[in-house]
Amino acid sequence: MSETGDGYLKVEELDPSLREAFGTPLPVLQFVPKVAVPAELPSGSSYSRLRAFDRREVVLACADQTWLWRVESLQSLFRGDRPPPNLGDYPGEYDRPISVLELSVRELAEVVGDLRDDELREVYSALRRRPDGASLGPVHDFVWQASALMLGLQPLSQGEFGEIVGRLARSCRRFSLGPSSRNYSAMLRGLFGKNARA
């Protein structure tokens, strides 16, 4: 443990509410903490399903450590007023926050099975339009929590956030081959591997 949060955590970039959730002294993390997937395994099923949960209660985990972080809104986590970037195929300085979000979606797919491209596109699009809009269901709520983690780890303006989730929505559209297509999840599995760490 360290007062300075050596390792993955960049103390100067943490949202104050996330820093408080981590406690003092700050943990030393070599990898990004993950949003815990609130799932249950129905009898006779090979995949878990998401159970009902309050999206404002974000459970973070890294190795054998866990933290509870209360997030009232994504709006409260936006920092600064930088304009939306133009994210092409190479996101440059936005690679880290995009990886945090996509790794979370990949973890979700690992637990509940590959997610439909259209479902994820709808979730990303909804987050871009109305970050704190009404829940579209458990997948939306989980990606909302992953978005909170991304915003808590690194300062991003609402414009930057909107362009990031907009880019991910475009990725889902690009990978989709139809209503039942799950290519985006498969791409994330290939990108991050079995035990990936951002």
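It should be emphasised that the depicted structure is a prediction, and the values quoted were computed from it without experimental measurement.
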- request: Could you tell me whether the side chain of Pro131 reaches within less than 4.5 Å of the side chain of Phe78, counting heavy atoms only?
  value: yes
message: Other residues, nucleotides and ligands only: do more than 12 of their heavy atoms fall within 6.0 Å of CD on Glu20?
response: no
field: Step-by-step salt bridge (Lys or Arg N to Asp or Glu O under 4.0 Å) determination, Arg167 to Glu163
entry: CA-CA 6 Å; Arg167 179 186 189 273; Glu163 180 56 27; over 6 Å; no
- prompt: Are the side chain of Thr66 and the backbone of Cys62 linked by a donor-acceptor contact shorter than 3.5 Å?
  reply: no
message: Taking Val143's backbone N and O only, do any of them form a donor-acceptor pair with Ser147's side chain (distance below 3.5 Å, no angle check)?
response: yes
query: Got a salt bridge between Arg51 and Glu40, using NZ or NE/NH1/NH2 to carboxylate O under 4.0 Å?
result: no
task: Could you check Glu93 against Arg82 for salt bridge (Lys or Arg N to Asp or Glu O under 4.0 Å), going step by step and ending with a plain yes or no?
output: CA-CA 13 Å; Glu93 68 179 293; Arg82 289 178 65 181; 3.1 Å; yes
query: Is a donor on one side and an acceptor on the other found under 3.5 Å between the side chain of Ser185 and the backbone of Arg182?
result: no
- prompt: Any side-chain donor-acceptor pair under 3.5 Å between Glu102 and Tyr184?
  reply: yes
message: Within the 4.5 Å heavy-atom criterion, are Arg56 and Val71 side-chain neighbours or not?
response: no
task: Quick one: do Arg49 and Leu41 satisfy side-chain contact (heavy atoms from CB on, under 4.5 Å)? Show the steps, please.
output: CA-CA 6 Å; Arg49 69 174 175 219; Leu41 182 63; over 6 Å; no
message: So does Leu74 get a backbone contact from the side chain of Asp132, meaning a donor-acceptor N/O pair under 3.5 Å?
response: yes
- prompt: Under 3.5 Å, is there a donor-acceptor pair between the side chain of Asn183 and the main chain of Ser176?
  reply: no
Pair Leu120-Val105, side-chain contact (heavy atoms from CB on, under 4.5 Å): steps then yes or no: CA-CA 9 Å; Leu120 284 169; Val105 171; 4.0 Å; yes
- request: Please tell me if the side chains of Leu50 and Pro38 come closer than 4.5 Å, counting only heavy atoms from C-beta onward.
  value: yes
- request: Show your reasoning for whether salt bridge (Lys or Arg N to Asp or Glu O under 4.0 Å) applies to Glu107 and Lys34.
  value: CA-CA 8 Å; Glu107 289 290 320; Lys34 296 178 182 179; 3.2 Å; yes
message: Quick check: do Leu60 and Leu18 have side-chain heavy atoms less than 4.5 Å from each other?
response: yes
message: For a 4.5 angstrom cut-off between non-hydrogen side-chain atoms, does Arg170 reach Arg121?
response: no
- prompt: Taking NZ, NE, NH1 and NH2 as the nitrogens, is one of them in Arg70 or Asp54 under 4.0 Å from a carboxylate oxygen of the other?
  reply: yes
- prompt: Do NZ/NE/NH1/NH2 and the carboxylate oxygens of Asp114 and Arg189 come within less than 4.0 Å?
  reply: yes
Asp81 CG: over 12 foreign heavy atoms closer than 6.0 Å: no
query: Sub-3.5 Å donor-acceptor pair from the side chain of Arg79 to the main-chain atoms of Leu151, do we have one?
result: yes
- prompt: Taking it one step at a time, do Glu13 and Arg96 satisfy salt bridge (Lys or Arg N to Asp or Glu O under 4.0 Å)?
  reply: CA-CA 13 Å; Glu13 293 187 351; Arg96 182 175 177 232; 3.1 Å; yes
message: Treating Gln145 as the side-chain partner and Arg55 as the backbone partner, does any N or O pair qualify as donor plus acceptor under 3.5 Å?
response: yes
- prompt: Under 3.5 Å, is there a donor-acceptor pair between the side chain of Ser135 and the main chain of Asp141?
  reply: no
message: The criterion is ring pair (Phe, Tyr, Trp, His ring centres under 6.0 Å); which residues satisfy it with Trp69, sequence neighbours excluded?
response: none
